[in-house]
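Inspection log for the structure reproduced underneath, given as structure tokens.
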Amino acid sequence: MKYEFSNIDKKWQDAWDANSTFKVENDYSKPKYYTLIEFPYPSGQGLHIGHPRPYTAMDIVSRKKRMEGYNVLFPMGWDAFGLPTENYAIKNHIHPSIVTENNIKHFKEQLKSIGYSFDWSREINTTDPDYFKWTQWIFLQLYKKGLAYKKEMNVNFCTSCKCVLANEEVVNGVCERCGSEVIHKVKSQWMLKITEYAQRLIDDLEDLDFLERIKTQEINWIGRSEGAEVNFNTSAGDEVTVYTTRPDTLFGATYMVMSPEHSLIEKWKEQIQNIDEVTKYQVEASKKSDFERTELVKDKTGVCLDGIRAINPVNGKEIPIFISDYVLATYGTGAIMAVPAHDERDWDFAKVFSLPIVEVVAGGNVQEAAYTDVATGIMCNSDFLNGLEVSEAKKTIISWLETNGKGHSKVNYKLRDWVFSRQRYWGEPVPMVWCDNCGWVPVPEEELPVRLPEVEHYEPTDTGESPLSKIHDWVNTTCPKCKAPAKRETDTMPQWAGSSWYFLRYCDPNNKNELASREALDYWMPVDWYNGGMEHVTLHLLYSRFWAKFLYDIDILGCKEPYKKRTAHGMILGENGEKMSKSRGNVINPDDVIAEFGADTLRLYEMFIGDFEKAAPWNPSSIRGCKRFLDRTAGLLDFVNGNGITSKLEAPLHKLIKKVTEDIDTMKFNTAIAAMMSFLNDVYDNGSITIDELVIFIKLLNPFAPHLTEEMWQILGNNSFLSVEAWPKYDESKTVENTVEIAVQVNGKLRATIRISKDASKEEAISIAKNESKVIESLTEKTIVKEIYVPGKIVNIVVK
RNA sequence: GCCGAUGUGGCGGAAUCGGCAGACGCCACGGACUUAAAAUCCGUUGGGAAGAAAUUCCCGUACCGGUUCAAGUCCGGUCAUCGGCACCA
């Protein structure tokens, strides 16, 4: 058979569609398997060559699970709110919903042309009011539980997107999306209290089958630290609380540092003798962007608050107070006790200002460098802590603080609450109304969804207000509570809102009354295997785990974690090993690849390209090898003959079934394909294969190359779909051949290979080995010291 | 600086519990087919040396050292690259 992919691809894609081959029912009697990939943002550029890598991988897993008899949910949808669509709409004067619709149409055609086994009847779209009704509903539940609140605060603001950003969206001081400068702005923002879930987001990772690097990245991002809060009296009379992870070094605190934004400074302004200098420093600090602040790491700056002293609670000593921007207002209490002897930053600062450095943990030379080793140090210069180990000293001092009312132990997290407002048009409206009498009032649930108004212009405003604020008909409403005139919230939700729960909607996508029925959720959730990009670990992945936990708490969802298993794929790079981009001119279009080689070759090549978890450069010649393999597979039909399993191919086939089955489960798609190629080479060498042998082979290949294998299955006289036939089983005992080839070494050097029975005894193996001429040669005039035989592997004779 | 990962031919990459390093594919080279090219098929292909040849020998998994009959794999140290976090007290 000649492999004419252009006819075959379309034929089977249409057939699967027409027969709803991959439609899945909520059949609660069957064992389920839920495979998930991150739904795409339908951009104007269409599908990127990188998309098919994770999609094909999970399609293979899904197809195999289906053939193994599972009820498989493998859905697809669109994460369609977002700035590029809005910007395109603004530029071309087309409504974002029309842009979205066109983009989705294009994406869907492209995905269909690769032959994925999605259940398209469950397709969802985050911009569909029937969908975002429930995004808004979840927001209202968060609000009711006090987990959504509006707060005036200093936020990250992208100067190009003209929009606030969450902490997670600022990368190296610039906007994660567009790379523009991020400045600080004080704005009133909706916030979600993800910090309330910080500990659970760490703890519950333990039982999950996530890649280790994903777990550690999340844990580091959440940034738990254990320490103590300590109260210092001041000469001004006010108490200042500091946070420290080293309460054991309290005797070494020689000064205190407050962040420039600390609220007590305003209160103290009458008593601070150098208030002008202090104010000047505050103004300078506030002007610095995140980027500038991190740029200046090495040079410590600050101003001493003249006229006010802090009193170390443990020894009553007076110490100076500084303000410096190396202390962050947003972490801990915004103030620290400085122990220059045992903290590098404090040490640097002390050197600049010539402050005393008092050693309290012995073991270093604190005049030369800060000594930060906590594992081996013994306390000194610390009164009742002297002689204790650091860990003991920590316990002792904390109990002293608690007894004397001077402080207590405290856990802090780097994680911040989630800034949830965006000043843009193309997002879910926040379903809240401001009433001058009642304050913030939630839109009643029966009035959801709050739709976006139809307008002419969506441009963001230069004032940093949402474009919706100018739509007076929409903004002006009545208070749901007291019926007085009131105004709608004009901010929309961030792009991450819709994706924080989409996997739940797939379980029951057309439900009008609930986000999904409890029955459906209990059946399908949690997701059994979720694959996605590493770039989402501290964004989407964390956010969606938070929402799932909240929905678990309010008894909507029955599991406390949404995903059982999470894996990540590597990027596909350009031919030159660089990231693909238009400006580098190294972009590969999947449509072109399909036109030239067919969908199955694209699928196979993306799986064969390398280690699934690692980045791999595109290679236009390597893909030919995959096409060749499929051509040769099609060619098997030309000499297939007879029935049954021949003794020649029995062991190789059982081995192959085992290999492919295991490799799919462990994401080693490249070696699964290599094994199939090897098998095919053997068949060509032998020049014969029976129908039954061929059927096993094409079943194994089906998840990788579904179009060609369906066609071959039909040519072999079958009317069913190969894609829903049973997955082949192997017999462990038949994977081993009766004789094995093993290596014979003398002193670790290869001298011969021998073929012996797999059950040969040590004596037999060694005596056969000793009959090999090469072995005899290297044994002459030597004394045998030791003889080693590892069955199936090796014989090694050690001589002197 | 901290955390995580990775280092194997010309290239992408294989190698179960320590057991024949380089599977599979690409590239390259030689040959067949062809008027020719493409496609296809057959063969060679880690490096080096000797030989007319069959063949033989030496070196080789970033580097240095160790354990072992045996190390890409285990242990100690060094270097390099990539990713994440980064004044979080």
Side-chain angles (χ1 to χ4, degrees), chain A residues 171-173 211-221 223-225 227 242-247 249 253 257 259 293-294 296-300 324-328 330-339 342-346 348-349 372 412-416 534-535 537-538 570-571 577 604-605 608-611 613-629 631-632 635 662 668 670-681 684 741-753 774 785-799:
Chain A
V171 176
N172 292 329
L211 290 179
E212 214 44 49
R213 62 196 165 116
I214 295 177
K215 288 189 186 183
T216 39
Q217 208 170 303
E218 291 221 337
I219 289 168
N220 290 346
W221 183 261
R224 180 194 154 97
S225 77
V242 302
Y243 175 70
T244 177
T245 54
R246 296 292 307 273
T249 62
V257 188
S259 73
R293 254 175 109 134
T294 49
L296 294 167
V297 171
K298 27 315 159 222
D299 309 319
K300 293 279 182 292
S324 172
D325 62 5
Y326 87 88
V327 173
L328 306 175
T330 45
Y331 184 75
T333 62
I336 61 155
M337 63 178 215
V339 184
H342 306 291
D343 181 284
E344 278 169 33
R345 293 149 305 178
D346 296 347
D348 291 343
F349 191 86
T372 56
N412 263 328
Y413 302 92
K414 290 186 201 172
L415 186 69
R416 303 294 145 81
M534 282 307 287
E535 69 276 16
V537 167
T538 55
M571 223 189 311
L604 203 70
Y605 176 58
F608 189 62
I609 195 166
D611 184 336
E613 287 188 43
K614 287 194 204 141
W618 186 264
N619 183 333
S621 341
S622 277
I623 194 169
R624 312 207 71 90
C626 291
K627 174 65 165 43
R628 241 170 246 150
F629 167 67
D631 286 337
R632 278 156 60 85
E662 289 177 353
K668 291 160 85 176
N670 52 341
T671 51
I673 294 167
M676 288 190 278
M677 286 173 167
S678 269
F679 179 85
L680 186 72
N681 290 344
Y684 267 84
E741 191 171 83
I742 68 167
V744 181
Q745 298 182 337
V746 178
N747 279 355
K749 286 203 173 138
L750 184 68
R751 291 297 170 218
T753 57
K774 283 280 158 50
V785 182
K786 201 172 184 180
E787 292 170 336
I788 291 141
Y789 171 55
V790 182
K793 296 270 163 79
I794 206 159
V795 167
N796 190 7
I797 301 168
V798 187
V799 296

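For B:A89, the OP1/OP2 oxygens have a side-chain nitrogen or oxygen of A:Y331 closer than 4.0 Å. The side chain of A:R632 places no N or O atom within less than 4.0 Å of a non-bridging phosphate oxygen (OP1 or OP2) of B:U40. One finds a side-chain N or O of A:S225 lying less than 4.0 angstrom from the OP1 or OP2 phosphate oxygen of B:A89.
Annotation: B:G22 and B:G60 have their P atoms spaced 16 Å apart (nearest Å). B:C29 and B:G83: their C1' atoms are spaced 39 Å apart (whole Å). Taking atom C1' in both B:C63 and B:A71, the straight-line distance is 16 Å, to the nearest Å. Across the P atoms, B:C75 and B:G19 are found 15 Å apart, a figure rounded to whole Å. Nucleotides B:U6 and B:A62 place their P atoms 13 Å apart, quoted to the nearest Å. Taking atom P in both B:G65 and B:C27, one finds a spacing of 40 Å when rounded to whole Å. For the C1' atom pair drawn from B:U40 and B:U34, the interatomic distance equals 11 Å after rounding to whole Å. Rounded to whole Å, the C1' atom of B:U45 lies 28 Å from the corresponding atom of B:A36.
Take A:E344 and apply the salt bridge (charged side-chain N to carboxylate O under 4.0 Å, His left out) test, not counting sequence neighbours, and it matches no residue. Applying the ring-ring contact (aromatic ring centres under 6.0 Å, His included) rule to A:F679 yields the partners A:F697; only residues at least two apart in sequence or on another chain are considered. Residues forming a ring-ring contact (aromatic ring centres under 6.0 Å, His included) with A:F349 (at least two apart in sequence, or on another chain): A:Y255, A:F322, A:Y326, A:F353.
Rounded to whole angstrom, the span from the CG atom of A:D631 across to the P atom of B:G25 amounts to 14 Å. Rounded to whole Å, atom P of B:C85 lies 10 Å from atom CG of A:N220. Note: CD1 (A:I623) to C1' (B:C24) measures 16 Å, nearest angstrom. One atom, CD1 of A:I219, and another, C1' of B:A86, lie 18 Å apart when rounded to the nearest Å. Between A:D348 atom CG and B:G1 atom C1' the separation is 12 Å, expressed in whole Å. Separating the CZ atom of A:R751 from the C1' atom of B:A70 is a distance of 14 Å, rounded to the nearest angstrom. Taking atom CG on A:D343 and atom P on B:G1, their separation rounds to 17 Å, with Å as the unit. Straight-line distance from the CG atom of A:L328 to the P atom of B:C85: 16 Å, rounded to whole Å.
In RNA chain B, runs of at least 3 stacked Watson-Crick or G-U pairs (N1-N3 plus N6-O4 or O6-N4, or N1-O2 plus O6-N3, all under 3.5 Å) give these stems: B:1-7 with B:79-85, B:10-12 with B:24-26, B:28-32 with B:40-44, B:46-50 with B:55-59, B:62-66 with B:74-78.
With contacts defined as side-chain heavy-atom distances shorter than 4.5 Å, the pair A:N220/A:Q217 does not qualify. Side-chain contact between A:W618 and A:Y605 is present, with heavy atoms from C-beta onward closer than 4.5 Å. Contact check for A:I336 versus A:D346: side-chain heavy atoms found under the 4.5 Å cut-off. Side-chain contact between A:T249 and A:M337 is present, with heavy atoms from C-beta onward closer than 4.5 Å. A 4.5 Å side-chain heavy-atom check between A:T330 and A:R416 finds at least one atom pair inside the cut-off. In this structure, the side chains of A:R224 and A:I219 stay at 4.5 Å or more apart for every pair of heavy atoms.
Between atom CZ of residue A:F608 and atom OG1 of residue A:T671 there is a gap of 9.5 Å, rounded to the nearest 0.5 Å. Rounded to the nearest 0.5 Å, atoms CG (A:N670) and CG (A:D611) are 6.5 Å apart. Here CZ of A:R632 is found 5.0 Å from CG of A:N681. Values are rounded to the nearest 0.5 Å. To the nearest 0.5 Å, atom CD1 of residue A:I797 and atom CG of residue A:N747 are 9.5 Å apart.
Comparing A:A675 and A:M534 by the nucleotide of RNA chain B that holds the closest heavy atom to each, the one mapping nearer the 5' end is A:A675. Projected onto RNA chain B by closest heavy-atom contact, A:R416 and A:K749 fall at different nucleotides, the more 5' of which corresponds to A:K749.
In textbook terms, a nucleotide whose glycosidic angle is within 90° of 0 is syn, while B:C11, being further out, is anti. The glycosidic torsion of B:G18 lies more than 90° away from 0, which places this base in the anti conformation.
Taking a 6.0 Å sphere around CE of A:M534, one finds it holds more than 12 heavy atoms contributed by other residues, nucleotides or ligands.
Of the candidates B:A89, B:C24, B:C26, B:C26 carries the atom nearest the A:S621 side chain, counting heavy atoms from C-beta on.
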Point to revise | Base versus backbone protein contacts along nucleotides 7-20 of chain B [heavy-atom cut-off under 4.0 Å; B, S, -] | key: -----BSSS---BB
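Backbone-only contact: A:N681 has heavy atoms under 4.0 Å from sugar-phosphate atoms and none from a base. Counting non-hydrogen atoms under 4.0 angstrom, A:R624 reaches nothing in the nucleic acid.
Of the residues in residues 211-218 of chain A, those with a non-hydrogen atom less than 4.0 angstrom from any atom of RNA chain B are A:R213, A:Q217.
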